[in-house]
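Structure record follows, encoded as structure tokens.
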Protein chains: 2
Amino acid sequence: MPYDPSAFPPFAVTVDLVVLTVRRHSLCALAVRRGEPPFQGRWALPGGFVRADEDLSQAAARELAEETGLCAHDPSVPAQDNGAHLEQLATYGDPKRDPRMRVVSVAHLALAPDLPAPRAGGDASNARWAPVEELLQQGGYGRDGEPVAPLAFDHAQILADGVERARSKIEYSSLATAFCPPEFTVGELRRVYEAVWGVALDPRNFHRKVTGTPGFLVPTGGTTTRQGGRPAQLFRAGGATLLNPPMLRPEV
Amino acid sequence: MPYDPSAFPPFAVTVDLVVLTVRRHSLCALAVRRGEPPFQGRWALPGGFVRADEDLSQAAARELAEETGLCAHDPSVPAQDNGAHLEQLATYGDPKRDPRMRVVSVAHLALAPDLPAPRAGGDASNARWAPVEELLQQGGYGRDGEPVAPLAFDHAQILADGVERARSKIEYSSLATAFCPPEFTVGELRRVYEAVWGVALDPRNFHRKVTGTPGFLVPTGGTTTRQGGRPAQLFRAGGATLLNPPMLRPEV
DNA sequence: GATCATAGTCGTCTTCCTGACGATAAACAC
DNA sequence: GTGTTTATCGTCAGGAAGACGACTATGATC
């Protein structure tokens with residue numbers, strides 16, 4: 001068929017962000033409160049329109065910086081400091097996903113270390129870290145007994161997909177270190193796995209596994225006591241990005 | 001920021017397809033010859049515009065049917081016959097990826113059993129199965145000594161990403177059976193792995209692995225001799241979609 | 001200061017899985 | 001029948017992981 005500029009319908013293209021972190025031993029996602037219809041007042045994932053001259057990953061990095069102040073890692077430079085891991089997740093384009101018009105959203109997944117309180121256009125009450133299970137329980141009740149409205153649009157599905165991606169990807173990659181500060185202990189890394197998977201891991205076998213995988217962790221020489229108990233060695237993430245053999249997620 | 005319909009630039013949204021199959025012991029992809037500029041006469045991945053009332057997966061399934069006659073599997077019904085596995089791959093949106101206008105392409109990955117010669121709008125000379133390494137060697141020479149032009153647009157990158165997805169996904173899922181006819185032998189399944197990974201696998205260990213994984217293969221009772229040699233048992237794909245522990249790709 | 005609780009670290013033992021490879025079985029080509 | 005090809009079963013050694021004991025080094029409590 002010949003090229004005809006009028007032959008395609010116009011779309012709006014957005015990026016939405018699943019920003020995950022680990023706070024107080026639970027996996028949390030960044031949610032922002034919508035200020036306008038549709039879904040006004042409801043919680044949603046941060047996101048926005050892709051600009052005319054912008055690549056998708058640029059748009060995602062810009063939105064991430066606007067919402068959190070984080071600067072996105074280039075995936076090829078995993079040892080950067082003070083940044084977050086950012087990768088494309090999936091694209092959602094149901095014709096009815098936005099009642100206003102045809103919007104295709106390219107969702108991205110960001111993993112960040114624990115951060116200070118989020119900001120959303122300077123208004124802290126309109127952005128928060130919430131445990132993912134709280135955001136995903138549609139129409140249930142939150143920890144404080146308040147009724148919980150489901151996320152706007154199809155954002156519950158997007159969040160669920162992002163969480164699943166994170167859960168499976170820390171199995172066979174060193175991505176769990178993206179949840180940690182630049183220097184961390186084996187115990188802190190283990191608590192990341194435990195929070196993301198929602199399971200308890202044996203500290204001794206975990207220690208053997210991560211310290212025995214070449215290139216995964218490199219000791220910095222320092223020690224610290226952050227949790228009470230015996231001081232622990234500090235490590236940085238090593239150059240290895242793939243874990244082979246993988247970390248095994250315990251059976252249910 | 002308030003909602004303003006003029007605040008976002010219009011995009012064209014397309015789906016592109018990486019359709020993979022195994023023919024003559026090598027991994028092949030479907031390529032179509034472009035009939036109009038840009039890249040006129042060059043090979044490209046099949047694809048087209050998403051229609052106004054169509055979901056992304058519907059558009060991909062429609063394009064797949066138009067190009068190959070295959071009907072896409074619903075991923076939740078893996079035992080369907082005469083269909084192909086279809087899943088979303090990734091989305092490509094570089095502002096300059098199409099010189100005509102801003103096009104965002106949602107690439108999909110399809111895995112199909114060996115098929116008769118492809119058709120593209122009824123014209124067989126404009127569609128072919130080509131070994132992926134031939135399509136990916138930019139500016140080299142094909143098997144027949146003819147110079148090979150690289151794929152149009154960013155389709156070489158999309159194809160490479162699709163091949164990598166297929167290579168890694170058959171490790172931990174039963175997806176390799178999507179390359180096989182409804183009934184197949186262990187040897188045929190092994191040759192799929194060998195073609196996709198480009199390695200030789202030990203027939204005895206492979207047999208032990210696939211027949212020992214519960215739910216992966218179910219015997220149909222029949223036997224066949226398709227390759228010469230002793231007749232082999234026929235199997236269908238079992239209900240298990242995840243392989244745990246995974247099939248290990250040999251080190252290089 | 002002794003005791004206890006908490007974490008971190010090192011070992012051991014058993015079990016399971018894999019890679020390497022020998023041996024047998026059942027077809028076909030000559 | 002002999003050789004060739006492919007399928008299938010078995011054996012054995014090595015590595016990785018789960019279960020779990022033991023020891024170490026801190027802070028908290030009495």
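Lettering of chains follows the sequences in order, A, B, ..., and the numbering in each one begins at 1.
Here A:E133 pairs with nothing under the salt bridge (charged side-chain N to carboxylate O under 4.0 Å, His left out) rule; sequence neighbours left out. When the side chain to side chain contact (heavy atoms under 4.5 Å, CB included) test is applied to A:T225, the partners found at least two apart in sequence or on another chain are A:P231. Looking at residues two or more places apart in sequence or on another chain, you find no salt bridge (charged side-chain N to carboxylate O under 4.0 Å, His left out) involving A:D161. For B:V218, the side chain to side chain contact (heavy atoms under 4.5 Å, CB included) criterion is met by B:R236, not counting sequence neighbours. Every residue two or more places apart in sequence or in another chain that forms a side chain to side chain contact (heavy atoms under 4.5 Å, CB included) with B:A232 is listed here: B:T185. Residues forming a salt bridge (charged side-chain N to carboxylate O under 4.0 Å, His left out) with B:E171 (at least two apart in sequence, or on another chain): B:R249. Applying the side chain to side chain contact (heavy atoms under 4.5 Å, CB included) rule to B:S57 yields the partners B:D55; only residues at least two apart in sequence or on another chain are considered. For the ring-ring contact (aromatic ring centres under 6.0 Å, His included) test, residues two or more places apart in sequence or in another chain that qualify with B:H155 are B:F153.
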> If the sugar-phosphate is the primed atoms plus P, OP1 and OP2 and the base is the rest, what is the B/S/- string for nucleotides 23-29 of chain D, using protein heavy atoms under 4.0 Å?
Replying inline: -BBB---
> Which letters describe nucleotides 10-19 of chain D, given B = protein heavy atom under 4.0 Å from base, S = only from sugar-phosphate, - = neither?
Replying inline: BB----SBBB
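Where DNA chain C meets chain A (any atom under 4.0 Å from a heavy atom), the bounding nucleotides read 5' to 3' are C:dT6 to C:dT12.
For the pair B:F235 CZ and D:dA7 P, the interatomic distance rounds to 11 Å; values are reported in whole Å. Rounded to whole angstrom, the span from the CZ atom of B:F206 across to the P atom of D:dC9 amounts to 14 Å.
The list of side-chain hydrogen bond (donor to acceptor under 3.5 Å, both in side chains) pairs with a residue in residues 197-211 of chain B, not counting sequence neighbours, reads B:D202-B:R204, B:N205-B:R208.
Rounded to the nearest 0.5 angstrom, A:M247 CE and A:S174 OG are separated by 10.5 Å.
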